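This structure is a prediction, so every number in the text was calculated from the model and none was measured. Proteins get letters first, then strands, A, B, ... in listed order; numbering begins at 1 in each.
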Number of protein chains: 2
Amino acid sequence: MNMKSDSAMRPKILVTVDVVLLTVDLESSLSDGLRVGLIRRDAAPYKGALALPGGYVHPEEDENTAAAACRVLKTKAGKAVRYLEQLATFSGPSRDPRGWSVSVCYVALEDRETMKQWPADLLARVDALPPLAFDHATLIGAAVERLRNKASYSALPVFLLPDTFTLSELQDLYGRLLGTPLDKSSFRRKVRELGFVEEVPGAFKGGQNRPAQLYRAKEMTTFDRTI
Amino acid sequence: MNMKSDSAMRPKILVTVDVVLLTVDLESSLSDGLRVGLIRRDAAPYKGALALPGGYVHPEEDENTAAAACRVLKTKAGKAVRYLEQLATFSGPSRDPRGWSVSVCYVALEDRETMKQWPADLLARVDALPPLAFDHATLIGAAVERLRNKASYSALPVFLLPDTFTLSELQDLYGRLLGTPLDKSSFRRKVRELGFVEEVPGAFKGGQNRPAQLYRAKEMTTFDRTI
DNA sequence: ATATTTAGTGGTGCGATGCAACTAACCGTG
DNA sequence: CACGGTTAGTTGCATCGCACCACTAAATAT
């Protein structure tokens, strides 16, 4: 196979990035509260439709696709994101009507408070998605699956909470993601011994009842997984 | 940001796939025995250097990047591969001297017997890699990490063994990948109850000593992971 | 004071896992 | 042909982690 002719006859491939920006609404008691940040497309194709924030990779300004994803988020959301991770790459001739396309998809996590800036009508529940442009529903499905999966063995979900949070909030979050209520005692023991949170000395969240100790995330931890 | 001008002024991005084809040599007692199938490049850049099997995505014939990876493997190895999984996508302006490139990287697993077809001098130990073209050493590192990781919670490693194998061989393999010797009793109990292998009735592997029952893989299984 | 609600801690029984001893089957050797 | 060596495969036990449940603590409301 000749490399030169291979390169010369190569048709154009569209190279884009898409970001699944996830957050969680701990107030909503029904469902898991997971929400995804969308945009409304202002150009063809799918003009006027809802879609994931995304766009072309700009070789002259992007250092790599992760940088492109950051740039997209910054222009569409006006801020740097808390956590960003590459999810997977989707490709094919028919997923974009403009031609054969490759989309490197990223998952971003943000807490609900910060996401207040995002227009409320563009924050869709992931368990009741509106019609979306391209194959974006698939990308969201993959992102949510990844997040749920990582919840079972990592500290990743802390990025869905504000800087400080109570252990009850953290437990509630894990319970939602894992789809099963967790035991208070076991959860606290686990979290403590894994040491991915630390107390904020003297900081308490007071409500109607007994005040709760506030915590903050320490380092990112991935737990052991044994066969 | 105007989509049309965005698209029109878009410089060419090289879109390629690379495959990290892994196998394991259970004979080699030192190290873990993991090996990666390489090719020797017959064209610039890096002409004559060792590299991963890979190549351009061909939009007119490839249904997606996974199909491109299969095609690359078929042309370079002459056969379909046992297991193929997308690893990650690597990108940037400097990883390929020809220009800004995106490489969708795949991990492939094959058993040692089948890999006998691969030229022996192109089957490198992953813990002692020769100098490689592009950033391919990085891709191999990521692939090996992924494999080791999945060994701790999935049946994935069975794809590194022939169709039938003994439980001792399977245990040896897991022990190598996990980097720690496993207990015979516990391992067998686990494998049995997870049920991802089944006996081949009446088939035994006879050596100098007591013959061992042969097993074959059932369905692909991923185990539970709990926080 | 007392009820209510949420925060947070301790104890206990069961199941999974690790460890070690045991049996089984084959081969080679004197 | 008995015996030792080696690998296959099982069984029993002891221990550790974890789910479950009961308890105490601190606030508010009436």
Side-chain heavy-atom pair B:Val191, B:Leu170 within 4.5 angstrom cut-off: yes
OP1 or OP2 of C:dA7 under 4.0 Å from side-chain N/O of A:Ser168: yes
Distance below 4.0 Å between B:Lys184 side-chain N/O and D:dA8 OP1 or OP2: no
Rounded to whole angstrom units, what separation is found between the [atom1] atom of [X] and the [atom2] atom of [N]?
X: A:Arg192; N: D:dC18; atom1: CZ; atom2: C1'; answer: 17 Å
X: A:Leu167; N: D:dA26; atom1: CG; atom2: P; answer: 17 Å
X: A:Gln171; N: D:dC20; atom1: CD; atom2: C1'; answer: 14 Å
X: B:Leu194; N: C:dT17; atom1: CG; atom2: C1'; answer: 13 Å
X: A:Arg189; N: C:dT12; atom1: CZ; atom2: C1'; answer: 12 Å
X: A:Arg188; N: D:dA19; atom1: CZ; atom2: C1'; answer: 16 Å
X: B:Phe187; N: D:dA8; atom1: CZ; atom2: P; answer: 13 Å
X: A:Gln213; N: D:dA26; atom1: CD; atom2: P; answer: 13 Å

A:Phe165/A:Tyr215 aromatic ring centres below 6.0 Å: no
Selection from C:dA16, D:dA27, D:dT6 that lies nearest to any side-chain heavy atom of B:Asn209: D:dT6
Nearest-nucleotide pick for A:Asp183, side chain only, options being C:dG8, D:dC21, D:dA8: D:dC21
Touch class at under 4.0 angstrom, heavy-atom based, for B:Ser186 against every strand present: base
B:Ser91 and A:Asn64 side chains, donor-acceptor separation under 3.5 Å: no
Most 5' of A:Pro211 and B:Ala212 on DNA chain D, judged by nearest nucleotide: B:Ala212
Under 3.5 Å donor-acceptor pair, A:Ser185 side-chain atoms to C:dG10 base atoms: yes
Side-chain donor/acceptor of A:Arg210 to base of D:dA26, under 3.5 Å: no
A:Glu85/A:Tyr106 under side chain to side chain contact (heavy atoms under 4.5 Å, CB included): CA gap, chis, key distance, verdict: CA-CA 6 Å; A:Glu85 168 187 313; A:Tyr106 285 80; 5.9 Å; no
Shortest non-hydrogen separation from B:Cys70 to B:Leu84 and the atoms involved: SG-CD2, 3.7 Å
Electrostatic pair B:Arg82:B:Asp163 at N-O distance under 4.0 angstrom: yes
Sub-4.0 Å heavy-atom contacts from residues 200-208 of chain B onto DNA chain D, ordered by number: none
Chi angles and distances behind the side chain to side chain contact (heavy atoms under 4.5 Å, CB included) call for A:Leu22, A:Val20: CA-CA 6 Å; A:Leu22 294 174; A:Val20 181; 3.8 Å; yes
